[in-house]
Amino acid sequence: MPKRKKSGKKAPADFEKKKSKVGKVTTRDNHTSTEFKSRSILIRTQKAASGAASEATSDRGLTLAELLVRVGHYAEQTRKDGLAGLRTLFVRHPETLEHTSTLMRLFEKVAPRMHDTAASVRRALFLLLGDVIAAVAPACLAPFFPLLLVHTASAMTNLTPAVRRDSLQLVDLWLDAVPTVVIPHAPQLLEHLLHIISTRSGDASADSAGSSVSPSVRTLVGTPVGGLATLEARVVVLRRILQLLELAFNANSKHPAAPKAGLQAKARHWQCRPRRIAWGTAAADIGEGETLDSFLDDPRMFAKWALEELVPVVMQCWVEHNPAGRELGDRPMTQLASLKVMIDLVYLVATRLVSTARHAGKEEAEVWRQQLEKVVHDTLMVHYPLGSGMGASDSAALASVAMMNLVLAETTAVLSPGASAALEPDAGDVVRSRKVVSYIVELIGSAGDGGRSQWRAIRESQDAALARVVAISHRIVRQIPADLASELMGSIYGVYGDRAVCQPTSPQKMLLVRFFAEFVNGRDTAKCGGGGGG
């Protein structure tokens, strides 16, 4: 019988003894472990227990620090709620804005939201900034304005068209609320405003011999991006440039313009307001006691910037607008306002260049005058007087057209070479002067043309129009031929003697009395009509 093989497995012993190993502690089977694990937790201090119940909070009970954290959140709704909460916090506790530390923390957190891609966040920011700026003195805001300007410029040059378009509301906010704070930073804002609608280009083959201005000029952006390249959008930007230049030039005035009442962005409706103008001067003139310590006051820098960047952009907008063949349509005042912005910009540049000529060399000043005069004559004065094809019928539109024509005429008179004693007007200047005189005579009318119907049609702006007529006459009466001077002075004297138009105690009467006083005293009589009598 074969032998039976034994199994390899051994039966377990009843009492097995574990072998001890070096370095290993054996535990008994009945040993109870006393080890345990724990985690630390954070218990926030209750405001009631810590005595912080008087801290300023929003309507939802959030503090300033908590709201500022929400402003930088990645979620759009959270950022919007944080800005709205800050607004309610400052409304409930306006004394919070009296601390400089609060303003510093606030602007550091909310300024980046100027170029936020979410439109709802930008709208909430505009409302917040409007309330904050209305409650803070300009002197307290000035230290933080460079930071705000950096983020405003970032919004104006942002790749998103909607952000660039909304950045104009920020510019409106600064110009309307804190103009004195904006003026020192005007060159930066002007550069960014032009960058929105134009780009700089140069022509190396251009002949710049004998000119202090380089051939590099600005041209309009040709591709419409988010509506910023349309004519209406360009005029909106030009209107901000005009307002900024007027603020900068009037900074040293004894009676600066007061800031506008509304702080929120509002549509600007042009209206013809009476403007007191002394003949031979303008708002952009430099006084004898003023110092030239900024970009806009330096004659050479301003001439270079105006002739290379601003004026080319304005002229291209003018050509696109086509005032000669454009009818007013359903919105006459809006379209006339666009033309007025361009004309006022050119007039402002012309008066500034002429008034700063004494601070530069005569040759340089003459080059600037000739360049701007050529642009005005070749572009703006081609279809003078304006309004023949526009179909203006109501009194407001007639007044707007009349004021535009008078400003154009005064711009031409300012740039006329006859204003210099060393230069004599050429044949082209005489032709333009004849057109100007003819328009003034037609505008004022005579006693036999139906009672000066055209002059009475602009009764809402007669003071401003007459001031322009006096300013133009004071400049050109010494340069034009004797027959034109007699016709011009006779027409103005007809207004002075017409009681139905010029009341004895009206501002028009006093202005004309001052104007004719110079000629009665004999100071200008010999110069009228080029020495031929006026």
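Just so it is clear, the structure is predicted and the values come from calculations on it, not from any experiment. Numbering starts at 1 and runs along the sequence shown.
Side chain of Arg164 to main chain of Leu159: a donor-acceptor pair is present (N/O by atom type, distance under 3.5 Å, no hydrogens or angles). Side-chain atoms of Thr411 come within 3.5 Å of backbone N or O of Val407 as a donor-acceptor pair. Without hydrogens or angle criteria, Arg79 side chain to His73 main chain gives a donor-acceptor distance under 3.5 Å.
Across all their heavy atoms, Leu238 and Cys317 have their closest contact at CD1-SG, 3.9 Å. Of all the heavy atoms in Leu190 and Leu245, the pair that sits closest is CD1-CD2, 3.8 Å. Nearest heavy atoms, Ala306 versus Val349: CB-CG1, 3.8 Å. In this structure, Leu67 and Ser58 approach most closely via the heavy-atom pair CD1-CB, 4.1 Å. Taking each heavy atom of Leu64 and Arg105 in turn, the nearest pair found is CD2-NH1, 4.0 Å. The two residues Leu170 and Leu129 make their nearest non-hydrogen contact at CD2-CD1, 4.0 Å.
In this structure, Arg468 is positioned above the aromatic face of Tyr347, its NZ or CZ under 6.0 Å from the six-membered ring centre and within 45° of the axis.
For the side-chain hydrogen bond (donor to acceptor under 3.5 Å, both in side chains) test with Asp166, the passing option among Arg122, Arg123, His115 is Arg122; the others fail.
With a 4.5 Å cut-off on side-chain heavy atoms, Thr379 and Trp318 count as touching. The side-chain heavy atoms of Phe302 and Leu307, taken from C-beta on, include no pair separated by under 4.5 Å.
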